Amino acid sequence: MPKFDLTGRVAVVTGGSQGIGRGIALALAEHGAHVAIVARAPEAVTGGTERIHRPVEPVVQEIEEMGRRALGVLADVRDPEQVQGMAARVTEAFGRVDILVNNAGATWGETFKMAPLLELTPRDFQECLRLNLLSQFLCSTAFAQGMVERGDGCIVNLASISGQGPSPNNGAYGAAKAGVISLTQTMAVEWAPVRVNAIAPGSVDHADRAAVHPYARGRAPVEQTTAVRRGGTVDDIAAAALYLASDEASYVTGTVISVNGGRQPG
């Protein structure tokens, strides 16, 4: 039996122009999927910190060089109208969507900071939820109707170890990712037989990670806090997403796969 064969399937990866999203998009394409990459343009800093925003074109080119079809779409997944427009464009280009990976998210952004709870404003909290939780609801509902009508498809949501227990100095993000886990379980029940699962990464290092990540302040090195004595890689997360998107996971739904090297939350 061929393993992880996604030949001819259509995948959408949000936040797919860089980091974990890029790694997942390339892994799906390597195993046969056509892929739409969704990313947003940089925005002005109004309460947080500037972030890296890579263009979609290089990833689109990498996928096309594999012999797959690819589409790059600029859309803000926090905005309902832009999400609907993105979904319509992808559906028009490919006819259907078989796999959705809700990867877009961040511990801080241009519109919110990461800090202890007493240092957060209501806007910080709301903006963190918009990026990390609302976006997954918007993108999932935009594509789920077609999946439910066909009785087939899968959704992979990116949660976090931060949503599985206390998340000191990062509480808004932890709350958002805990919401992703609950939302995943409800989607799996309401939309069956469409499969909906989540991945909860621990710390992952990659070239698009900010040079000075605020979460690193005052924390022990990752290799000292994981059982496997190393940090995670993009490939670690992409492998989990590939499994969940494949027929090998046909009996897996409503599940959270922790990919954290044996690190405990908190």
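Just so it is clear, the structure is predicted and the values come from calculations on it, not from any experiment.
- A chain of hydrophobic side-chain contacts below 4.5 Å, direct or via other Ile, Leu, Val, Met, Phe, Trp or Tyr residues, connects Leu244 to Leu28.
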Side-chain donor-acceptor distances from residues 30-41 under 3.5 Å, at least two apart:
{"residue": "His31", "atom": "ND1", "partner": "Ala27", "partner atom": "O", "Å": "3.0"}
{"residue": "His34", "atom": "ND1", "partner": "Arg69", "partner atom": "N", "Å": "3.0"}
{"residue": "Arg40", "atom": "NH1", "partner": "Glu43", "partner atom": "OE2", "Å": "2.8"}
{"residue": "Arg40", "atom": "NH2", "partner": "Glu110", "partner atom": "OE1", "Å": "3.3"}

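- Other residues sharing the hydrophobic cluster of Val45, ordered by chain and number and joined by side-chain separations under 4.5 Å: none, the residue standing alone.
- Between Leu131 and Gly105, the shortest heavy-atom contact is CG-CA, 3.9 Å.
- One finds a salt bridge joining Arg9 and Asp247 here, because a Lys/Arg side-chain nitrogen approaches an Asp/Glu carboxylate oxygen to under 4.0 Å.
- Taking 4.0 Å as the cut-off between side-chain N and carboxylate O, Arg130 and Glu127 count as a salt-bridged pair.
- Shown here for Asn103 and Gly15, the closest heavy-atom pair between the two residues is ND2-O, 3.1 Å.
- Phe143 is listed as a side-chain neighbour of Thr91, based on a closest heavy-atom distance under 4.5 Å.
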Atom pairs and distances, donor-acceptor, side-chain atoms in residues 175-184, under 3.5 Å, two or more places apart:
{"residue": "Lys177", "atom": "NZ", "partner": "Leu158", "partner atom": "O", "Å": "2.8"}
{"residue": "Thr184", "atom": "OG1", "partner": "Asn157", "partner atom": "ND2", "Å": "2.9"}
{"residue": "Thr184", "atom": "OG1", "partner": "Val180", "partner atom": "O", "Å": "2.7"}

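- Sorted by first then second residue, the side chain to side chain donor-acceptor pair (under 3.5 Å) pairs that include residues 115-126, not counting sequence neighbours, are Thr46-Arg123, Lys113-Asp124, Thr121-Asp124.
- Residue pairs meeting the salt bridge (Lys or Arg N to Asp or Glu O under 4.0 Å) criterion with at least one member in residues 233-246, sequence neighbours excluded, are Arg230-Asp236.
- For the pair Gln136 and Asn102, the tightest heavy-atom approach, listed with the atom from each and the gap, is NE2-O, 3.5 Å.
- Inter-residue side-chain proximity for Asn197 and Cys154 is flagged as unmet; no heavy-atom pair is nearer than 4.5 Å.
- Applying the salt bridge (Lys or Arg N to Asp or Glu O under 4.0 Å) test to residues at least two apart or on different chains, the pairs with a partner in residues 136-164 are Asp98-Arg150.
- With rounding to the nearest 0.5 Å, the separation of OG in Ser135 from CG in Leu129 is 10.5 Å.
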